[in-house]
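The structure appears right after this line, and notes come after that.
Note that ligands are numbered from 1 as they come in the structure, with each ligand's atoms numbered from 1 the same way. Counting begins at 1 with the first residue of the sequence.
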Amino acid sequence: VGGGNRGKYKLLLIGVICALLLQVQPVEAEQQFHQVRPGETLFTIAQKYGIRLGTLLSANKFIRFPYQLVSNLLLVIPQDERASNDKSAADVIEKKGDSASKTGYMKGNGTGAGKSISGVNSQKESASAGTGKKSLQAILEELYQEYRDIVFLSGSSKSNKIALTFDDGPSEVTSNQVMDILQRYDVKGTFFLVGQNVSQYPQVVARMVREGHVVGGHSWSHIQLQKATPESIAREVADTENAIYRVTGLRPAFVRPPYGSLNRDGLEYLQRNGYKVINWSVDSLDWKYPNDSRQVLINVFKDVRGGSIILFHTLPGNDPSGIIDTVLPQVICSLKSQGYRFVSVDELLDLPPYK
Ligand SMILES: [Zn+2]
C-alpha cells in the first residue's frame, strides 16, 4: 500500500537530483567533448565544430532521441574526423561496425563497438602485454567466438538497457561509495568480486545482495587465467564461488575473468559447471585515469549504446574515488535522459545470475 506513490516520489526525486547535478557540475567545454547548452541542437553543434551531422551521430551512438537533447548532456566530438571533408567519417565508422558484427564476435547484434574485441582490450583487464599482443588477443578472440554460447560482451544493441559493472571488490570504501550512488539513482549494478576480498569484507558483499545488486566471481586472487593450469582455474573459480556462498547463500553463475583472459581449459571448465563468462563492451579505463574524469567520461560515451556492459572498478584503499563521484552520476543522468535503463547483467542478458 502506498508503494506506487512512493515509487513515483522516488523517481521525481531522482529527476531533481539529475537536473541539479547536470547543472552544478558542468564539465568545461573542450574540443573532445561538448556539453549541450540550452537551445542547441545536434545540427548547430555539428556546425559549430565543422563536422557532418552523421559524423556526430556516429560518435555518439547512445543518442536515441536526437530532438530531446537536455542541457548539459555530454557529446563526444570526434577529433580525427574534424575538418576532413573529403571522406565521410561516418561511413568509415559504420563499415568498421559492420565488420565487427560480421565476425559474430559481438554478442547480441552488436552494431559494432568500433573495435572488434572490446572486452579484452584494456591494459588493466587485458591479457595482452608487450609483444605478441596481437596473437594472444587473436587466440582469445577465436576462443571466445567458439564458446559464444557462454561468453557475453553486451546485450542487444536494440535494447534500451545498459549494465554497469564493477570489478575487483569488495572494498570497504569504494564499493560502498558506488552502492551509495546507485541507491541515490535507484539503479542496480553488477559486482565481480575477488574471492580473497570477499572473505575480508563479507559485510560489503552482504549489502550488495541486500540492495538488489548482482554479484559474480572475478577469481580468487586476480590471476591471469589464460596462463593458469586447469587445476588452478578450477580452484580459483570454485573457491570464489564458495566464499560468496558462505556470505550470501547464493552461488553465482557469472564469472568475469581478470583482464578478460581465459584459455580453452578454463572455458571448458566453466561450460561444464554451468557458468557464463561476462566481459564488457565499454571500458571506462577508470583505473588508468584516476584524476581525469573527463577522459573517463569520453571513454564511456564514445562507445556506449543500447545493450552495453560498462566496466568500472572498485579499487581498494581508504579514500573515496573522485572518478566514481564525478563520472558515475554523469553517466547515469545523461543516459537516463536519452531513455536508457540501468539494469544488472542478468536482466540485460536474460540469464539467471545464480545457480
Ligand atoms: Zn580485475
Task: N/O/S atom name from H222 that is nearest to the position of the Zn ion (ligand 1) - done: NE2
TODO: Kindly give the atom name of the N, O or S atom of D168 closest to the Zn ion (ligand 1).
DONE: OD1
Task: Geometric cation-pi criterion R251 and Y245, 6.0 Å radius, 45° cone - done: yes
Task: the Zn ion (ligand 1) to nearest N/O/S of H313 below 2.8 Å - done: no
Task: Among H213, H218, H313, ring-ring contact (aromatic ring centres under 6.0 Å, His included) partner for F191 - done: H213
- [ ] Have a look at E40 and tell me which of H34, K48, Q35 forms a side-chain hydrogen bond (donor to acceptor under 3.5 Å, both in side chains) with it.
- [x] H34
- [ ] Assess the side chains of E172 and N176: does a donor N or O sit below 3.5 Å from an acceptor N or O?
- [x] no
